[in-house]
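What follows is a single structure, written as structure tokens, with notes after it.
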Amino acid sequence: MHELYTVLAEYYDAIYRKRAERVKKEIDFVEEIFKKDAKRSVKKVLDLACGTGIPTLELAERGYEIVGLDLHEEMLEVAKEKAQQRGLNIRFLQEDALEINFENEFDAVTMFFSSIMYFDEENLQGLFNGVANALRPGGVFVADFPCWFYGGSDGPIVWDEQNGNERLVITDWREVEPAFQKLHFKRLVQIIKPNGDTKAFFVNDELNIYTPREMRLLAREHFSEVRIYGNLKRELAPNDRSYWLVAIR
Ligand code: SAH
């Protein structure tokens, strides 16, 4: 569990290079949600499960006052170093998102890159509760999650990336348990140095699959308004395969 966020933290941005390139578009969309869905002006944002800060730093660069929170110190170290290099003043906290204890502090709370899938039904209730308390009235919670039907179990996908002079060869596959709505995300990361020395790491994370309807029903218990949007547009289309939960306190 969690090798991706500990021993592999320094490789995270190389592994997700393509996603980092897309982040500006994602944050454009999130800013549109801040402006059109939140019922207050958004200035102060809490980014839960901020990881190496790919979205966190982008929000900070756009002038939001931002707190980044993550369970893993190794991820936060990478985020802190990047923030320093870019001259950004961000407060980072090492904490479990389930343990947060903020009261009326933020205009928006975000949780990006399917991180919400780490929480099972019971934990999700606790998460929503903590998020609703952290928000000021009219504030908005934004979290993305993928479609449950997006392939089910599948065989290995292999791709490669470069990290400095090291080559990464990454092999991903998933095993889905439909009855339990669990997705076992498996990944083998091989790191090859120019002289051929190779290290390998195995990632095996258990994620929770939610349908848009389930997410809506669970969130409704904690927020006054709940919307599910499709990918990067403020509406849901029949064949959308990734979703954005938008919940207003
Ligand atoms: N949001 C970031 C990182 C996503 S990776 C991005 O968009 O790039 C998922 C992150 O969730 C990891 O950094 C991991 O440490 C964090 N995480 C997992 N469980 C968590 C929990 N219970 N509380 C806080 N962070 C958690």
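When a ligand or atom number is given, it counts from 1 through the structure's own listing order. Just so we're clear, the structure is a prediction, and the values are computed from it rather than from any experiment.
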Would you call [X]-[Y] a salt bridge at under 4.0 Å N-O?
{"X": "K44", "Y": "D107", "answer": "no"}
{"X": "R187", "Y": "E3", "answer": "no"}
{"X": "K80", "Y": "E73", "answer": "yes"}

- Single-linkage hydrophobic cluster, 4.5 Å side-chain cutoff, Y12 and L71 together: no
- Item | ring-ring contact (aromatic ring centres under 6.0 Å, His included) partners for Y229, two or more places apart |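 For Y229, no residue satisfies ring-ring contact (aromatic ring centres under 6.0 Å, His included) once neighbours in sequence are set aside.
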Enumerate the pairs of nitrogen or oxygen atoms, one from ligand 1 and one from the protein, separated by less than 3.5 angstrom; state names and distance to 0.1 Å.
residue, atom, partner, partner atom, Å
ligand 1, 1 (N), A49, O, 2.7
ligand 1, 1 (N), F112, O, 3.3
ligand 1, 7 (O), R19, NH1, 2.7
ligand 1, 7 (O), R19, NH2, 3.0
ligand 1, 8 (O), R19, NH1, 2.6
ligand 1, 13 (O), D70, OD1, 3.3
ligand 1, 13 (O), D70, OD2, 2.7
ligand 1, 15 (O), D70, OD1, 2.6
ligand 1, 15 (O), H72, ND1, 2.7
ligand 1, 22 (N), D96, OD1, 2.9
ligand 1, 23 (N), A97, N, 2.8
ligand 1, 25 (N), L71, N, 3.2

- Message: Using ring centroids (six-membered ring only for Trp), state whether F113 and Y16 fall under 6.0 Å.
- Response: yes
